[in-house]
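The structure appears below as structure tokens.
FYI, side chains are in, hydrogens and waters are out, and symmetry mates aren't considered; it's all heavy atoms of this structure.
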Amino acid sequence: MGSRHGDEACRDHVRRYLEAPFLADEGRLVLAGWVGVDDLFGEAVWPDIATAGVPPSLCRALEDWVTQESTPDEDVADFIGWPLPKVREHR
């Protein structure tokens with residue numbers, strides 16, 4: 001990537017990926033009676049997120065990085081420009 005536009009697209013992808021479960025939960029509240037995959041199997045399932053300017057393989061690498069327990073919240077916060085408490089809440 002290397003360009004500022006590409007770097008920002010990667011940051012945007014991580015932000016959107018972290019927000020996706022929250023947005024999905026809000027949508028489920030509107031759809032009364034709907035049973036989601038996470039309800040059936042007892043685990044959260046994040047939807048696939050596509051971000052313009054970020055190849056699918058890089059999207060997956062970013063998603064793996066942000067969900068690794070060994071990745072410090074501080075690193076994620078620094079990368080995407082969120083306050084640390086918000087990163088902790090979304091992870």
Side-chain angles (χ1 to χ4, degrees):
M1 294 246 105
S3 71
R4 286 183 184 238
H5 175 71
D7 292 347
E8 187 55 37
C10 289
R11 288 181 184 89
D12 184 51
H13 180 78
V14 173
R15 289 182 204 112
R16 293 175 64 221
Y17 182 74
L18 288 173
E19 289 174 332
F22 285 79
L23 297 174
D25 283 344
E26 289 174 8
R28 274 195 280 280
L29 293 175
V30 174
L31 299 172
W34 183 80
V35 177
V37 174
D38 56 334
D39 297 325
L40 293 173
F41 299 107
E43 60 186 52
V45 176
W46 282 342
D48 288 333
I49 304 297
T51 302
V54 184
S57 58
L58 182 53
C59 288
R60 287 188 299 276
L62 290 165
E63 293 163 8
D64 287 345
W65 171 75
V66 80
T67 57
Q68 292 295 317
E69 289 184 23
S70 61
T71 301
D73 292 338
E74 293 82 3
D75 287 358
V76 177
D78 287 344
F79 181 68
I80 64 175
W82 279 5
L84 189 55
K86 184 174 182 179
V87 169
R88 288 183 174 146
E89 176 186 5
H90 281 74
R91 285 183 83 196

Atom pairs and distances, side-chain donor-acceptor, residues 73-85, under 3.5 Å, sequence neighbours left out:
| from | atom 1 | to | atom 2 | distance (Å) |
| --- | --- | --- | --- | --- |
| Asp73 | OD1 | Arg91 | NH1 | 2.5 |
| Asp73 | OD2 | Arg88 | NE | 3.3 |
| Glu74 | OE2 | Arg88 | NH2 | 3.2 |

*asked:* Assess the residue pair Glu63 and Arg16 against the criterion (salt bridge (Lys or Arg N to Asp or Glu O under 4.0 Å)); give the C-alpha distance rounded to whole Å, side-chain angles, the decisive distance to 0.1 Å, and a yes or no.
replied: CA-CA 10 Å; Glu63 293 163 8; Arg16 293 175 64 221; over 6 Å; no
*Heavy-atom pair of closest approach, residues Ala52 and Ala9*: O-CB, 3.9 Å
*Given the rule in the side chain to side chain contact (heavy atoms under 4.5 Å, CB included) test, do Thr51 and Tyr17 qualify, once you have shown the distances and angles that lead to the verdict?*
CA-CA 10 Å; Thr51 302; Tyr17 182 74; over 6 Å; no
*Tell me, please, which residues at least two apart from Ser57 pass side chain to side chain contact (heavy atoms under 4.5 Å, CB included).*
Pro55, Arg60
*All side chain to side chain contact (heavy atoms under 4.5 Å, CB included) counterparts of Glu69, not counting sequence neighbours*: none
*Check for a donor-acceptor pair, side chain of Thr71 on one end and backbone N or O of Trp65 on the other, with a separation under 3.5 Å.*
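Between the backbone of Trp65 and the side chain of Thr71 there is a qualifying donor-acceptor contact (under 3.5 Å).
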_Stepwise side chain to side chain contact (heavy atoms under 4.5 Å, CB included) check, Leu58 with Cys10_ = CA-CA 8 Å; Leu58 182 53; Cys10 289; 3.6 Å; yes
